Structures are given as structure tokens and as C-alpha cells.
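Contents: one structure, followed by commentary.
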Amino acid sequence: MGLNEASLKQNLAGKFIGHRFHYYESIGSTNEEAFRLGVQGAPEGTVLIAESQSAGKGRMQRVWYSPAGANIYTSIILRPTFETSRAPQISIAAGVAVAETIDHYCPGKARLKWPNDVLIGGKKVCGILAQMKMSVNAIDFVVVGIGINVNLSHQEFPLDIQEIATSLAVETDREISRLEVIISLYENMAKWYREIAQNGFDPIKEKWLNLSSMIGKTVSVMFREETVSGKAVDLDDDGSLIILTAGNETVKVSAGDATILKR
Ligand code: BTN
């Protein structure tokens, strides 16, 4: 079944994530629009799905390549009731949910790269951009934006990312149903979101650590002008990566671009 308003309606009815959905042939950015809907009071579990984005947003002010007809561009609105410091746990949950979804197509191959890239064979197949709105000292809502490269061929990626990005079709050598991927993604996300709300961070952290490609390796994390290097040892409850530097100092990094230096 193709990805369209009717097939989404039929398959997302009654689901905690996806029951309320907005489908766009074309949009600037699903995250921007989700933020706007969140401010207007859109209920938890509302999702936005676009066929293409003209201004898809990546982390660190980057652009997310968003051509029509091949990929998934979605944003999920959540309204967690836990403290603001735990908000990054939601993007960690999203990374695990995507990895689990992908595992069905490429068993055992999905890896997570801090903070929340999903890789297959070291190449990026999915990016996650979470944005939060706070009111006083509580989370008002979180927008979890997820872009998955599904049916793009190697040649269809722009030259500057051709060697560092991949898609499910490239990895499996067949066309993948975007509708099937979306249904499974929302189900996995709902499962892990409930898990962190009910049982705290430990279960998902364990799953994340198992899927991570960084723990135990020498990494370097760059943020603005600063670089921290050392052995990645753990993931903190606030989503930060814990690094043990050569000088035996433990440093927590909460944002940046990570590179594995030594395996
Ligand atoms: C990254 O830089 O890795 C994050 C990319 C996030 C892209 C998705 S696509 C759907 C949603 N809408 C956006 O504008 N960005 C996110």
C-alpha cells in the first residue's frame, strides 16, 4: 500500500502515536509546523508526515535533504509529565525505536551514534531532531522530528553526502513500503515512550548502550569551537555522553558532533 492520506487513516486509527495525523504533500519543515501546532495545544500523539520538505531542518543548523517520493519525514508531538532534565531521554527513545524498526529490514545492522544518528554499516540512514517548549519549570511539549532515508538510490543522494549516507533500499536491494515503516516506527516509539514514563531511563539506556557504536571506543566530540576527546564510557540520565579523557578526567558532553577515532 502506498503512503497517502487514506492509507495512513486506515492504518493509524486508534494508535496512541499517529491516531491524529496531518499529512502534507509539501511543507517547509514538519518540525516547524509541529511546534506551531504544539503551541496551539495539539494533543499528545499528534503526528505530521510530509511527502517532501522545502526547508528540512537538521541538527546544528544544518539542512536535511528532503526530496519527494522516497523518504520519511515525520514529527511527533509528545507532552511528557516528567522533569525537564529528562527531556533528552525522548530522543534517546526515538533512536532506539528507529533502530528497532530498521532491524526488521536489516537484521542486526542498525547502530546508534550519539547523540541520535542511526547508522547502517557506518552510514547515516536516519536523523532525529528533538525540540522542546518549556513553560515555567515544566515541559510543555516535545517535538520529535525523524527523517529516514527509505527508497533513495545511491546516485540520488547529493554528492556531498553520497559516501556518508545510505537508505533502506540501498541496504536491502529492494523497494521498502514507507507506510509499513511508519506504522512500525510509531508503535516502537509509543512502546519506549511508555517505558521511560513508567520505568525510568535504565531499560532504554541499556538497549541504547547495546546498540551504540561508540561505547568503549576513543571518540572526539566537537561543539562550536571546543573539542573533547577520550574514551566514551557511558550515557548519562540527561542524555549526555560521558567521556574519560587521557588525563583521567570524566567529562559530560550534552551536544556536538561525535567521531570515533579508534576502534
Ligand atoms: C539530523 O541532523 O541528523 C537531524 C535530522 C532531522 C530531520 C527530520 S525530517 C522530519 C523533521 N522535520 C525537520 O525539519 N527535521 C526533522
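As the structure lists them, so they are numbered: ligands from 1, and atoms in each ligand from 1. Nothing fancy with the numbering, it's 1 onward along the sequence. Everything numeric here is computed off the predicted structure, so don't read it as measured data.
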Would you say Ser66's side chain and Trp64's backbone share a donor-acceptor pair under 3.5 angstrom?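 Judged by distance alone, yes, a pair lies under 3.5 Å.
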
As a quick check of understanding, evaluate side chain to side chain contact (heavy atoms under 4.5 Å, CB included) for Ile76 and Tyr193, giving each step before the final call. CA-CA 12 Å; Ile76 303 169; Tyr193 179 57; over 6 Å; no

Residues Arg86, Asp238; criterion salt bridge (Lys or Arg N to Asp or Glu O under 4.0 Å); working and verdict: CA-CA 5 Å; Arg86 290 184 60 198; Asp238 65 3; over 6 Å; no

Centroid-centroid under 6.0 Å between Phe35 and Phe141 rings: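 Yes, close enough.
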
Please lay out, stage by stage, how Glu180 and Tyr105 fare under the test side-chain hydrogen bond (donor to acceptor under 3.5 Å, both in side chains). CA-CA 11 Å; Glu180 201 181 277; Tyr105 303 95; 2.8 Å; yes

Leu119 CG to Lys124 NZ distance, which is reported to the nearest 0.5 Å: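 Answer rounded to 0.5 Å: 8.0 Å.
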
Can you tell me which residues line ligand 1 if we count any heavy atom under 4.0 angstrom from one of its atoms, in chain and number order?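 Within 4.0 Å of ligand 1, protein side: Ser29, Thr30, Asn31, Gln53, Gly56, Lys57, Gly58, Arg59, Trp64, Tyr73, Thr74, Ser75, Asp117, Lys124, Gly127, Ile128, Leu129, Gly145, Ile146, Gly147.
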
